[in-house]
Amino acid sequence: MGAMYKLVFYNQGKVYELFCRKVESSGLVGFVEASELVFETERSVVVDPSEERLKEEFRDTRSLMLPMQSVVRIERVEKRGTARIRDRATGDKVTPLPVDKR
């Protein structure tokens, strides 16, 4: 199956956590290239809206070219976890759907 990486980076004021099979230095100076993004493929009763949003956002992405200063961490992991978006200031998981706070 090959290596799996957890990629944590800043994007538009949020912290993105994605999983991919390939991370390397880019041909562009100062950039990291991540490719072969991996998302949940099995359909289950419980759907994580954050992961669904990321899956849709990166649906046609062949590779990401990320500026080195936006990359927080790259981890080689044994298995894929949940892709998510977190608030940069608090670290709380961002829910992409509106939440009624009555």
Side-chain angles (χ1 to χ4, degrees):
M1 184 163 278
M4 176 77 65
Y5 298 93
K6 178 180 177 181
L7 180 63
V8 182
F9 61 97
Y10 295 123
N11 183 36
Q12 300 176 353
K14 305 278 187 267
V15 178
Y16 279 52
E17 297 177 12
L18 295 178
F19 291 85
C20 61
R21 297 218 180 271
K22 202 173 191 184
V23 178
E24 55 195 358
S25 294
S26 169
L28 300 171
V29 176
F31 284 79
V32 172
E33 182 176 357
S35 57
E36 299 181 34
L37 301 179
V38 180
F39 294 100
E40 180 66 49
T41 56
E42 296 177 20
R43 288 287 172 195
S44 64
V45 176
V46 179
V47 176
D48 185 334
S50 186
E51 181 152 3
E52 286 299 311
R53 175 181 167 195
L54 287 167
K55 188 175 181 179
E56 180 63 24
E57 181 175 343
F58 294 106
R59 176 184 59 210
D60 297 324
T61 302
R62 294 185 65 156
S63 64
L64 292 171
M65 303 293 191
L66 301 167
M68 284 188 190
Q69 65 269 22
S70 73
V71 176
V72 176
R73 181 163 73 207
I74 300 170
E75 299 175 43
R76 186 170 181 175
V77 296
E78 292 295 319
K79 61 182 181 174
R80 189 191 74 79
T82 303
R84 59 179 56 122
I85 304 170
R86 295 190 179 276
D87 182 88
R88 187 174 182 168
T90 65
D92 294 337
K93 186 175 170 185
V94 173
T95 305
L97 304 173
V99 177
D100 188 7
K101 294 185 178 183
R102 291 184 205 193

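Throughout, numbering of the chain's residues begins at 1 and tracks the sequence.
- Scanning all heavy atoms of the two residues, the minimum distance from K22 to E36 falls at CD-OE2, 3.9 Å.
- Considering every non-hydrogen atom in both F19 and K6, the closest pair reads CE2-CB, 3.6 Å.
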Query raised in the report: Between R84 and E51, does a side chain to side chain contact (heavy atoms under 4.5 Å, CB included) hold up when you go through it step by step?
Result: CA-CA 6 Å; R84 59 179 56 122; E51 181 152 3; over 6 Å; no
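- Among all heavy-atom pairs drawn from G13 and R88, the shortest one is O-CB, 3.2 Å.
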Requested in this report: Take L54 and L37 through the side chain to side chain contact (heavy atoms under 4.5 Å, CB included) test and state the conclusion after the steps.
Outcome: CA-CA 10 Å; L54 287 167; L37 301 179; over 6 Å; no
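- Across every non-hydrogen atom of V71 and F9, the tightest pair is CA-CB, 4.1 Å.
- The side-chain contact (heavy atoms from CB on, under 4.5 Å) check on V72 picks up V8, Y10, with sequence neighbours excluded.
- Nearest heavy-atom pair, S70 versus L66, reported as atom, atom and distance to 0.1 Å: OG-CB, 3.9 Å.
- Between E56 and R53, no side-chain nitrogen of the basic residue sits less than 4.0 Å from a carboxylate oxygen of the acidic one, so the salt-bridge criterion is not met.
- Here R73 pairs with E75 under the side-chain hydrogen bond (donor to acceptor under 3.5 Å, both in side chains) rule; sequence neighbours left out.
- For C20 against S35, the heavy-atom pair with the smallest separation is CB-O, 3.3 Å.
- Between M65 and E33 the shortest side-chain heavy-atom distance falls below 4.5 Å.
- In this pair, Y16 and F58 present their aromatic rings perpendicular. The plane angle is above 60°, beyond the 30 to 60° band.
- In this structure, E57 and N11 have side chains that are in contact, with non-hydrogen atoms separated by less than 4.5 Å.
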Requested in this report: Show the numbers, then the answer: is there a side chain to side chain contact (heavy atoms under 4.5 Å, CB included) between Y5 and L18?
Outcome: CA-CA 8 Å; Y5 298 93; L18 295 178; over 6 Å; no
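- For R86, the salt bridge (charged side-chain N to carboxylate O under 4.0 Å, His left out) partners at least two apart in sequence or on another chain are E17.
- By the 6.0 Å contact criterion, CD on E78 is open, its count of non-hydrogen atoms from other residues, nucleotides or ligands being 12 or less.
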